[in-house]
Enquirer: 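Sharing a structure here in structure tokens format.
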Amino acid sequence: MSYLVEMKGIEKRFPGVHALKSVQFSLKPGEVHALMGENGAGKSTLMKIMSGIYARDGGEMFVDGKPVTPDSPRAAQDLGIGIIHQELSLMNDLTAAQNVLIGREPRRSLGRLDETALNKKTAEIFASLQLAMDPRTQVSTQTIARQQLIEIAKALSYNPRVLIMDEPTAALNDAEIAELFKVIERLKADGVGIVYISHRMDEIKRIADRVTILRDGAYIDTLDAADTPLSTIIQLMVGREVTQNAPVFPDTSQSPVALEVRNLSRGKDVRDVSFDVRKGEILGFAGLMGAGRTEVARIIFGADPRDAGEILVDGQPVNIRTPHAAVEAGIGYLSEDRKHFGLAVDMTVRANIAMANMDKFTNRAGVLDEAAMKRIAVKYIERLGIRTPSDMQDVRLLSGGNQQKVVIAKWLLRDCDVLIFDEPTRGIDVGAKSEIYALLEDLAAQGRAIIVISSELPEVMRLSHRIAVMCEGRLTGILPGGADTTQEDIMELATQRESALVGAEETQ
Amino acid sequence: MTSTTVDAPKSALSRIIATGTHQRVLAFASLIVLLIGFSIASPNFMQMSNMIAILQATSVNGVLAVAVTLVIITGGIDLSVGTMMTFCAVITGVVLTYAGMPLLLGVVAAIATGALAGSLSGTFVAKMKIPPFIATLGMMLILKGLSLVISGTRPIYFNDTPGFSEISRGSLIGNLIPALPIPNGVLILFMVAALTAYILNRTVLGRYCFALGSNEESVRLSGVNTDRWKIAIYALAGAIVGIAGLLIASRLNSAQPALGLGYELEAIAAVVIGGTSLSGGRGSILGSLIGALIMAVLTNGLRVLSVAQEWQTVVTGAIIILAVYADMMRRKKPN
């Protein structure tokens with residue numbers, strides 16, 4: 001048995017956490033080995049050990065059968081191990097080529113750079129990826145998807161024999177994912193071993209040869225991807241059966257309209273968007289990356305200015321120019337980027353829940369009422385099932401799903417009647433996802449109007465009573481939820497480009 | 001942005017327009033407007049002697065601005081450049097006046113002292129992980145104190161080293177072209193700026209300045225020894241500060257140990273006016289040079305117009321806020 005990499009009995013402890021308990025993992029040349037597990041299962045930690053970012057506390061690691069201990073990213077690179085990190089880690093102010101070859105710039109004497117060679121070398125790597133991009137392009141001008149490709153080019157520039165991809169598709173749309181998978185196939189054919197971490201279950205079936213499952217830092221099993229049903233994998237990941245009942249949607253067509261938006265426009269991002277949401281309804285927003293869904297949400301929330309359009313809450317026109325005004329009008333927005341916009345991660349659960357409602361917890365002199373904050377925090381921890389040792393735990397120590405629940409608690413406390421969720425389950429594992437879904441359904445059942453923006457079609461279809469689809473800033477249609485609407489229906493609307501339409505009209 | 005200056009003329013022009021150099025263009029335009037405005041307001045302003053006075057007044061602040069630009073592009077800040085300059089001048093005084101060494105050794109001593117002090121700041125920041133603001137604030141006070149201790153709080157004069165004042169006040173260009181008596185201090189400023197711009201745009205050290213300011217963790221994970229480079233950048237900045245120390249000592253023909261505080265803020269102001277981002281990753285030497293010139297032109301122009309010196313300070317402060325606001329507006333627009 002010839003393994004490219006083999007890890008045995010790997011141990012890792014962080015203060016207060018036994019992150020990896022005697023974990024094993026192996027990788028053959030030319031295979032895609034999926035590493036699965038809920039958030040906090042230890043996937044990223046294991047891969048950081050493999051790629052030399054963390055040192056292991058125990059166990060053995062072999063490359064080509066020889067024992068190794070990579071103690072820095074560079075040492076791992078020298079062993080042929082490359083990693084593409086979960087969060088984009090490019091230098092935005094530099095060009096693509098300067099990013100790809102960072103640390104290995106072609107030099108002339110006296111530390112002078114050879115920019116021509118730099119760009120040429122990068123162009124070659126781009127060509128091998130069949131990526132059409134000028135190496136001199138500044139990274140900050142590129143879309144997330146293109147930045148991801150630069151990141152992949154950077155990893156490939158080390159000619160790795162092992163490539164670790166940590167959630168490479170989190171920010172990509174379906175077409176871009178297909179493009180990425182082609183790259184992966186080519187690498188496989190060249191004998192590169194690929195470790196693939198993803199929360200998207202459908203991808204595992206499409207791309208993986210073997211699957212290793214971790215749970216709570218322990219090794220569970222390694223299975224053949226083709227022969228194992230997804231439900232088995234999910235079951236092993238969460239350690240219990242996840243029920244996926246067919247959704248039953250309440251009839252809300254007679255409920256009063258909670259939020260109505262008329263002819264909303266902002267430059268090219270949002271063009272003449274009109275829709276309404278009723279009390280008790282979940283309206284899904286589907287579309288490709290950059291379709292303008294987040295932009296619509298941000299305008300409604302007053303975070304960005306609008307060129308034209310009206311917003312009505314409970315039938316009354318409201319003049320929303322700032323997020324503060326939106327909250328006054330009873331509209332809440334839960335950003336897709338929790339860490340940057342939703343939470344103060346270095347503060348406690350209690351402080352975060354109280355954050356948007358300080359006036360409720362202060363007396364006239366401006367002194368905080370900690371006891372009242374604690375009461376409310378404990379109440380919401382119970383109500384939403386936030387898994388935390390106490391309300392004084394720092395939010396950054398919670399898993400993604402529990403962090404999201406803290407954000408939700410924060411907004412529930414504000415008594416918002418309209419809640420906009422932007423990618424509510426991004427980076428959240430399967431088990432926690434169904435809890436978030438149940439929570440959203442609960443909120444709707446209580447009579448709140450819910451808008452859910454999601455790039456995952458199964459999620460939109462699972463949750464939405466109606467599905468609004470956007471493409472290039474326009475609302476291209478609103479579909480009924482439930483079994484009557486297929487993924488194909490949504491994709492058709494999501495790709496209904498205006499330029500294509502114009503072309504079609506001309507030929508008629 | 002890093003490669004606008006040395007490319008073929010055509011692509012350089014198109015890229016200056018295409019990339020984020022607007023702030024520099026804006027700063028340059030402001031400089032021209034100021035020059036035109038003051039020369040209309042006063043006939044004395046556009047005299048050759050006055051222009052040379054402005055350039056001479058720019059030289060020390062300009063060199064300091066160049067030094068601190070490097071550090072700011074990495075996402076750091078250096079508050080110690082003012083007192084470090086004085087410290088370098090005092091050490092030069094010790095070498096030349098107290099020890100009676102030859103002039104060249106004094107020059108080497110100033111630059112080496114700056115590099116050493118800078119690498120010490122860099123070590124605090126890189127190895128001990130002390131935030132740059134705090135580390136260089138500490139250095140600022142340490143160096144101020146040391147200058148006073150070493151000199152016994154008295155100025156050190158360079159009367160025994162006749163060539164020393166030539167460093168700043170002599171004029172090599174004036175000897176060749178009598179009509180253009182540009183002092184050596186100004187010549188040194190432009191040489192330092194050109195060399196540093198070259199280092200910033202064309203060498204590995206410069207590349208890592210931008211890379212560190214852009215995303216330090218990413219650079220580290222790419223296998224670059226970020227600590228070592230950071231120390232090197234602070235050391236280079238220190239060496240340039242050493243040159244500023246020579247310039248000011250030469251101009252005053254003495255090392256004044258009590259001088260120095262406040263110079264760091266003037267230098268940072270010039271850098272900011274020149275469009276270098278205080279959050280790191282973006283910036284240019286040319287911008288800082290223009291920033292320093294704007295400040296000198298303002299001071300000089302207002303003096304020629306007999307505006308009280310107190311008001312000059314107020315105007316400078318307002319300019320800083322305006323410059324940064326204009327930069328932010330420009331950045332906001334495309335999105």
Side-chain angles (χ1 to χ4, degrees), chain A residues 48 51-53 70 72-78 81-85 87-95 97-116 118-119 134 136-141 147 150-151 154-155 157-158 266-269 295 298 304-305, chain B residues 1-8 11-12 14-15 18-21 72-75 195 198-229 232-233 236 275-277 279-284 331-335:
Chain A
K48 282 181 175 167
S51 58
I53 296 166
S72 69
R74 176 146 263 179
Q77 282 158 9
D78 292 342
I81 300 169
I83 183 164
I84 298 166
H85 293 280
E87 270 145 37
L88 282 174
S89 57
L90 293 171
M91 289 138 280
N92 282 327
D93 301 309
L94 268 52
T95 68
Q98 290 167 356
N99 265 282
V100 167
L101 293 176
I102 186 85
R104 294 157 302 146
E105 297 81 1
R107 300 181 192 188
R108 293 181 286 167
S109 58
L110 296 171
R112 289 177 302 151
L113 295 165
D114 187 345
E115 208 78 7
T116 319
L118 178 85
N119 289 326
D134 185 341
R136 292 172 301 177
T137 313
Q138 195 173 329
V139 167
S140 59
T141 64
Q147 292 186 7
I150 296 172
E151 187 105 46
K154 179 177 162 188
S157 68
Y158 292 95
R266 175 164 196 260
K268 279 185 181 168
D269 296 338
E295 287 74 5
R298 286 179 59 91
D304 289 328
Chain B
M1 181 194 284
T2 54
S3 53
T4 46
T5 42
V6 196
D7 266 80
S11 81
S14 62
R15 257 194 273 168
T19 56
T21 51
I72 288 178
I73 289 175
T74 68
L195 186 65
Y198 184 83
I199 290 172
L200 195 56
N201 295 318
R202 287 284 165 226
T203 70
V204 180
L205 186 91
R207 174 62 40 80
Y208 291 150
C209 279
F210 286 105
L212 285 171
S214 202
N215 190 340
E216 181 172 343
E217 181 63 5
S218 167
V219 185
R220 197 177 68 82
L221 292 181
S222 303
V224 176
N225 188 340
T226 47
D227 289 357
R228 209 185 64 195
W229 285 107
I233 292 162
L236 175 62
T276 292
S277 163
S279 48
R282 277 185 305 256
S284 72
R331 257 179 245 284
K332 237 179 166 180
K333 253 183 192 166
N335 300 322

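So that the names make sense, note that chain A is the first sequence line, chain B the second, and so on, each numbered from 1. Below, each value reflects all heavy atoms present in this structure, side chains not excepted, and no hydrogens, waters or symmetry copies.
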Enquirer: Chain B heavy atoms under 4.5 Å from A:R107: which part of the residue, side chain, backbone, both or neither?
Expert: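 Contact with chain B involves the side chain of A:R107 alone.
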Enquirer: Could you tell me which of A:I83, A:I102, A:I53 has the largest number of non-hydrogen atom pairs under 4.5 Å with chain B?
Expert: A:I102
Enquirer: Once you round to the nearest 0.5 Å, how far does CZ of B:R202 lie from CG of A:D114?
Expert: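 Those atoms lie 9.5 Å apart.
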Enquirer: About how many Å separate OH of B:Y208 and CG of A:L94, when rounded to the nearest 0.5 Å?
Expert: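 Between atom CG of A:L94 and atom OH of B:Y208 there are 10.0 Å.
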Enquirer: If you count heavy-atom pairs under 4.5 Å between each of A:G111, A:G267, A:S140, A:P73 and chain B, which one has the most?
Expert: A:G111
Enquirer: If I measure from the heavy atoms of chain B, does A:L101 come under 4.5 Å with its side chain, its backbone, both, or neither?
Expert: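 Neither; nothing under 4.5 Å.
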Enquirer: Would you compute the distance between atom CG of A:D93 and atom CG of B:L212 and round it to the nearest 0.5 angstrom?
Expert: 12.0 Å
Enquirer: Drop me the distance from A:L110's CG to B:I199's CD1, to the nearest 0.5 angstrom.
Expert: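 CD1 of B:I199 is found 10.0 Å from CG of A:L110.
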Enquirer: Counting only non-hydrogen atoms closer than 4.5 Å, does B:V204 touch chain A with its backbone (N, CA, C, O), its side chain (CB onward), both, or neither?
Expert: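 For B:V204, the contact with chain A is made by backbone and side chain together.
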Enquirer: Does B:S218 reach the main-chain N or O of A:M91 with its side chain, forming a donor-acceptor pair under 3.5 Å?
Expert: no
